[in-house]
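Note that the structure is predicted; figures quoted are calculated from it, not measured.
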Amino acid sequence: MKDAAQVQHEVRQNPIDQLNQAIANDSTNAELFNQRAQLFLNMGRTDKALMDISTALELDNQNAEIFLTLAEIYFVLGQPDNVNISLLK
(Lines give C-alpha, C1' and ligand atoms only; values in the text may rest on other atoms or scores of the structure.)
Protein backbone atom coordinates (compact mmCIF):
# COMPACT_ATOMS: atom_id res chain seq x y z
CA MET A 1 0.00 0.00 0.00
CA LYS A 2 1.31 3.46 -0.93
CA ASP A 3 1.66 6.17 1.64
CA ALA A 4 0.45 9.74 1.05
CA ALA A 5 3.90 11.00 0.06
CA GLN A 6 4.24 8.34 -2.65
CA VAL A 7 0.79 9.12 -4.06
CA GLN A 8 1.50 12.87 -4.04
CA HIS A 9 4.82 12.29 -5.84
CA GLU A 10 3.06 10.22 -8.53
CA VAL A 11 0.36 12.84 -9.01
CA ARG A 12 3.01 15.52 -9.49
CA GLN A 13 5.20 13.32 -11.69
CA ASN A 14 2.44 12.62 -14.22
CA PRO A 15 2.27 16.25 -15.45
CA ILE A 16 6.07 16.28 -15.64
CA ASP A 17 5.97 13.16 -17.79
CA GLN A 18 3.37 14.74 -20.03
CA LEU A 19 5.48 17.88 -20.45
CA ASN A 20 8.58 15.78 -21.08
CA GLN A 21 6.74 14.10 -23.95
CA ALA A 22 5.43 17.41 -25.30
CA ILE A 23 8.95 18.88 -25.18
CA ALA A 24 10.32 15.83 -26.95
CA ASN A 25 7.79 16.50 -29.71
CA ASP A 26 8.41 20.28 -29.84
CA SER A 27 11.69 21.30 -28.26
CA THR A 28 11.36 24.90 -29.50
CA ASN A 29 8.20 25.68 -27.53
CA ALA A 30 9.22 28.09 -24.78
CA GLU A 31 5.84 27.85 -23.04
CA LEU A 32 6.32 24.12 -22.44
CA PHE A 33 9.65 24.77 -20.72
CA ASN A 34 8.01 27.55 -18.70
CA GLN A 35 5.21 25.24 -17.59
CA ARG A 36 7.65 22.52 -16.58
CA ALA A 37 9.77 25.09 -14.72
CA GLN A 38 6.66 26.12 -12.76
CA LEU A 39 5.93 22.51 -11.86
CA PHE A 40 9.51 21.92 -10.75
CA LEU A 41 9.37 25.09 -8.68
CA ASN A 42 6.17 23.89 -6.99
CA MET A 43 7.95 20.60 -6.24
CA GLY A 44 10.86 22.44 -4.63
CA ARG A 45 13.24 21.50 -7.45
CA THR A 46 14.64 24.97 -8.03
CA ASP A 47 17.69 23.53 -9.80
CA LYS A 48 15.56 21.96 -12.52
CA ALA A 49 13.21 24.95 -12.60
CA LEU A 50 16.14 27.27 -13.25
CA MET A 51 17.45 25.06 -16.05
CA ASP A 52 14.05 24.97 -17.76
CA ILE A 53 13.39 28.69 -17.39
CA SER A 54 16.83 29.42 -18.85
CA THR A 55 15.92 27.32 -21.88
CA ALA A 56 12.55 29.08 -22.15
CA LEU A 57 14.30 32.46 -22.14
CA GLU A 58 16.71 31.34 -24.86
CA LEU A 59 13.72 30.37 -26.98
CA ASP A 60 11.59 33.44 -26.23
CA ASN A 61 13.05 36.42 -24.42
CA GLN A 62 9.97 38.58 -25.04
CA ASN A 63 7.44 36.54 -23.02
CA ALA A 64 6.50 38.32 -19.79
CA GLU A 65 5.21 35.09 -18.20
CA ILE A 66 8.65 33.54 -18.53
CA PHE A 67 10.23 36.50 -16.76
CA LEU A 68 7.61 36.22 -14.04
CA THR A 69 8.48 32.56 -13.51
CA LEU A 70 12.17 33.51 -13.39
CA ALA A 71 11.39 36.14 -10.75
CA GLU A 72 9.48 33.55 -8.70
CA ILE A 73 12.46 31.19 -8.86
CA TYR A 74 14.84 33.92 -7.69
CA PHE A 75 12.42 34.82 -4.90
CA VAL A 76 12.35 31.21 -3.67
CA LEU A 77 16.15 31.07 -3.90
CA GLY A 78 16.35 34.18 -1.69
CA GLN A 79 17.89 36.36 -4.39
CA PRO A 80 15.71 39.49 -4.28
CA ASP A 81 18.12 41.58 -6.36
CA ASN A 82 17.69 39.16 -9.24
CA VAL A 83 13.91 39.33 -8.85
CA ASN A 84 14.01 43.08 -9.51
CA ILE A 85 16.30 42.67 -12.51
CA SER A 86 14.03 39.98 -13.99
CA LEU A 87 10.90 42.08 -13.64
CA LEU A 88 12.54 45.13 -15.24
CA LYS A 89 13.25 43.27 -18.49
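S54 and D52 form no side-chain donor-acceptor contact under 3.5 Å, judged by distance and modelled atom types alone.
Distance check: E65 CD to Q38 CD gives 7.5 Å after rounding to the nearest 0.5 Å. Here the straight-line distance linking atom CG of N29 with atom CG of L19 works out to 9.5 Å at 0.5 Å rounding.
In terms of heavy-atom proximity, P15 sits nearest to L39 at CB-CD1, 3.7 Å. When all heavy atoms of T69 and N34 are compared, the pair lying nearest together is OG1-OD1, 2.7 Å. When all heavy atoms are compared, the tightest approach of D60 to I66 is O-CD1, 3.7 Å. Residues F33 and S27 share a closest heavy-atom pair of CE1-O, 3.5 Å. Considering all non-hydrogen atoms of both residues, N63 and E31 come closest at ND2-OE1, 3.9 Å.
F40 is listed as a side-chain neighbour of I16, based on a closest heavy-atom distance under 4.5 Å. You'll find the side chain of R36 reaches within 4.5 Å of the side chain of N20, heavy atoms only. Inter-residue side-chain proximity for Q21 and N25 is flagged as met; some heavy-atom pair is nearer than 4.5 Å.
Considering L68, L41, L70 in turn, L70 is the only one that fulfils the side chain to side chain contact (heavy atoms under 4.5 Å, CB included) rule with I53.
The hydrophobic clustering, which links ILVMFWY residues whose side-chain heavy atoms are closer than 4.5 Å, places V76 and M51 apart.
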